[in-house]
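Here, residue 1 is the first one in the sequence, and each next residue gets the next number. Scope of the values below: all heavy atoms of this structure, side chains included, with no hydrogens, waters or symmetry mates.
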Amino acid sequence: MSSPSTPHSAEGPRAARGRPPRLDQGRTARAALDLLDEAGLDALTMRRLADAVGVQAGALYRHFATKQDLLTVMAERMLEGCSAPPPEGDWSERLTVLAHRMRTALLAHRDGARVYAGTHSTGANTLGFAETLVGVLREAGFRDEDAARAVLAVVNFTVGHTLEEQAALQPVDSAAAEAGPAEAGPADPDRLRRAVAAQDFPHLTAALPVLTSTDFAAHFAFGLNLLVQGLRATERNGPAGAAEARP
C-alpha cells in the first residue's frame, strides 16, 4: 500500500527545479490585501502582486481579467464574517450593528473603502451581508422596495463616510510635509481654522470644534442615527403598505 505522501514527493523535485506555484484565488487575495496594508491602493499593481505570489504578471490575468476584478475579490474577502446575524433586539439596533460591522471591516485595511467602492461582488460574503440587512428590515415589516432602498442608503453612507475617514487620516507624504503648513494634508484642522478665521464666517466658526474633530466614530454614529430616524418615519407611515406587499 503506497504512502499518502507518494504523489507529493513525485512533484517535489519539479517544484524545486523552479515550477511556479499554483495560483489560488484565496491566497492571491490575501497577498493583495497584505500589499494594500503595506503600501496603499495606489502602489498595488498587478506586477507587484505577481512578485508577491511568485508568478509572472501574465499569470494573474488568467484569473483576474482586469485590476477591477482583483479589487472585487478583495472587497468580497474584506466582508468575511459581516453577514452573521446581529444580536436580537429592535430592528434599528440590529441595523446599526451591521453598519458598524461593515465600517470596521473596511477600516481593517488601508484604503479599504477605496477598494470596496464601485465593486459589485456576487460572492457569498457580499450577498450574505446584503441578505442579512434586507432580512432585518423585511422582518420588521418594511415593504420590499423600502427595505432595498434603505440597504442602499446605509451601505452608501457607510462606504462614503469611511472613504472620507481614511482619506483624512492617510499619512502625509514627505513632499507635502516639506511644502509647509498650507500643504500639510486634506484634513489638517489648523488649515481649516486659519481659513475660517481669515474671513467672516460666524456659523462656521461656531461649528469648528466639530468640523475639525477627528472623532470619526461619533460622526458616523450621528449620521447613521439620522438614517435610522428617517426609516422610523417610513415605518410609521407605511404599515398598511408593508402588509399589502406580503403574499
Kindly work out whether a path of hydrophobic side-chain contacts (I/L/V/M/F/W/Y, heavy atoms less than 4.5 Å apart) joins [X] to [Y].
| X | Y | answer |
| --- | --- | --- |
| M46 | L35 | yes |
| L211 | F201 | yes |
| F157 | V134 | yes |
| V97 | F216 | no |
| M74 | Y61 | yes |

Spell out, as yes or no, whether a donor-acceptor pair under 3.5 Å connects the side chain of [X] to the backbone of [Y].
| X | Y | value |
| --- | --- | --- |
| E76 | T126 | yes |
| T162 | T158 | yes |
| R94 | P87 | yes |
| E80 | N125 | no |
| T119 | S121 | no |
| Q166 | L106 | yes |
| D111 | L41 | yes |
| N225 | A221 | no |
| R101 | A84 | yes |
| D37 | H109 | no |

Pair listing, salt bridge (Lys or Arg N to Asp or Glu O under 4.0 Å) test, anchored in residues 115-128, at least two apart: none
Of all pairs that satisfy salt bridge (Lys or Arg N to Asp or Glu O under 4.0 Å), the ones with a partner from residues 148-169, not counting sequence neighbours: R103-E165
So which heavy atom on [X] is nearest to which on [Y], and how close?
| X | Y | result |
| --- | --- | --- |
| A29 | V73 | CB-CG1, 3.9 Å |
| C82 | A105 | SG-CB, 3.7 Å |
| V159 | A117 | CG1-CB, 4.0 Å |
| T28 | V53 | CA-CG1, 4.3 Å |

H63 and L70: CA distance, side-chain angles, deciding distance, side-chain contact (heavy atoms from CB on, under 4.5 Å) verdict: CA-CA 9 Å; H63 295 266; L70 171 64; over 6 Å; no
Let me confirm one number: the [atom1]-[atom2] distance from [X] to [Y], rounded to the nearest 0.5 Å.
| X | Y | atom1 | atom2 | value |
| --- | --- | --- | --- | --- |
| L224 | T96 | CG | OG1 | 4.5 Å |
| L204 | R193 | CG | CZ | 13.5 Å |
| L36 | L71 | CG | CG | 9.0 Å |
| F220 | D215 | CZ | CG | 13.0 Å |
| L226 | L231 | CG | CG | 11.0 Å |
| W91 | R138 | CH2 | CZ | 15.5 Å |

Aromatic ring proximity, centroids under 6.0 angstrom, H219 and F222: no
Side chain to side chain donor-acceptor pair (under 3.5 Å) contacts touching residues 39-54 (sequence neighbours left out): E38-R48, D42-R114
Y116 vs L163, side-chain contact (heavy atoms from CB on, under 4.5 Å): CA-CA, chis, key distance, verdict: CA-CA 10 Å; Y116 186 90; L163 270 170; over 6 Å; no
Pair D90-S92, side chain to side chain donor-acceptor pair (under 3.5 Å): steps then yes or no: CA-CA 5 Å; D90 180 74; S92 62; 2.4 Å; yes
Enclosure of Q68 CD (heavy-atom neighbours >12, cutoff 6.0 Å): yes
Residues L133, V136; criterion side-chain contact (heavy atoms from CB on, under 4.5 Å); working and verdict: CA-CA 5 Å; L133 274 171; V136 164; over 6 Å; no
Electrostatic pair R143:D146 at N-O distance under 4.0 angstrom: yes
